Amino acid sequence: MIDSSILYRLAETIEARKSADSSNSYVAKLLTSGQDKILKKIAEEAAETIMASKDGNTAHLVYEIADLWFHCLVLLAHHGLKPEDVLHELERREGISGIEEKLARKTGE
């Protein structure tokens, strides 16, 4: 089994790069460019993920999802959030029907 702590290590690296020189760090450059640049990268990676899936190339799909997850981690860091915040939400939803969960959001529960 793969060690899932890679998400935490990557988040720690992203956090450390917040104070790095943006001419030497892609993450620092993204973070200093602001939310719109990060969101643009997420949209780009999501589109590439979709295309890889449609092409049926599973190796390329995994590669693109890794890019998408990475940029989502950068967005979380931009907002002062961590992977744990998303994992807690997934854990909260565990065992709840997706239909029930969506209905609860609509009714404000």
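Owing to the predicted nature of the structure, the values given are computational and were not obtained by experimental measurement. Just so it is clear, the values below take in all heavy atoms, side chains as well, and ignore hydrogens, waters and symmetry mates.
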Using a strict threshold of under 4.0 Å (side-chain N to carboxylate O), is an ion pair present between Lys40 and Glu44?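 No, no charged N to carboxylate O under 4.0 Å.
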Is it true that Arg9 and Glu12 make a salt bridge, defined as a side-chain N closer than 4.0 Å to a carboxylate O?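 Judged by the 4.0 Å cut-off on N to carboxylate O distance, Arg9 and Glu12 do not form a salt bridge.
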So how far is it from [X] [atom1] to [Y] [atom2], rounded to the nearest 0.5 Å?
{"X": "Leu68", "Y": "Thr49", "atom1": "CG", "atom2": "OG1", "answer": "4.5 Å"}
{"X": "Leu87", "Y": "Ser4", "atom1": "CG", "atom2": "OG", "answer": "8.0 Å"}
{"X": "Ile14", "Y": "Ser25", "atom1": "CD1", "atom2": "OG", "answer": "9.5 Å"}
{"X": "Thr58", "Y": "His60", "atom1": "OG1", "atom2": "NE2", "answer": "11.5 Å"}
{"X": "His71", "Y": "Leu39", "atom1": "NE2", "atom2": "CG", "answer": "11.5 Å"}

Do the rings of Tyr26 and Phe70 sit parallel, tilted or perpendicular, given the 30° and 60° boundaries?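 Parallel, since the angle between the ring planes stays under 30°.
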Hydrophobic clustering (ILVMFWY, side-chain heavy atoms < 4.5 Å, transitive) - are [Y] and [X] grouped together?
{"X": "Leu90", "Y": "Leu75", "value": "yes"}
{"X": "Ile65", "Y": "Ile50", "value": "no"}
{"X": "Val86", "Y": "Leu73", "value": "yes"}

Over all atoms of both residues, closest heavy-atom pair of [X] and [Y]:
{"X": "Leu31", "Y": "Lys18", "answer": "CD1-CG, 3.5 Å"}
{"X": "Lys37", "Y": "Leu30", "answer": "CG-CD2, 3.7 Å"}
{"X": "Glu45", "Y": "Asp67", "answer": "OE1-CB, 3.2 Å"}
{"X": "Lys29", "Y": "Thr32", "answer": "O-OG1, 3.1 Å"}

For Ser33 and Ile38, what are the C-alpha separation, side-chain angles and deciding distance, and is it a side chain to side chain contact (heavy atoms under 4.5 Å, CB included)? CA-CA 8 Å; Ser33 295; Ile38 300 166; over 6 Å; no
Does the pair Tyr8 and Glu84 meet the rule for a side chain to side chain contact (heavy atoms under 4.5 Å, CB included), with working shown? CA-CA 8 Å; Tyr8 301 106; Glu84 293 91 345; 3.2 Å; yes
Please check: side-chain N/O of Asn57 versus main-chain N/O of Ala59, any donor-acceptor pairing under 3.5 Å?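 Yes, because the side chain of Asn57 sits within donor-acceptor range (under 3.5 Å) of the backbone of Ala59.
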For Leu76 and Asp85, run side chain to side chain contact (heavy atoms under 4.5 Å, CB included): C-alpha distance rounded to whole Å, both residues' side-chain angles, the deciding distance at 0.1 Å, then the answer. CA-CA 9 Å; Leu76 286 172; Asp85 297 302; 5.6 Å; no
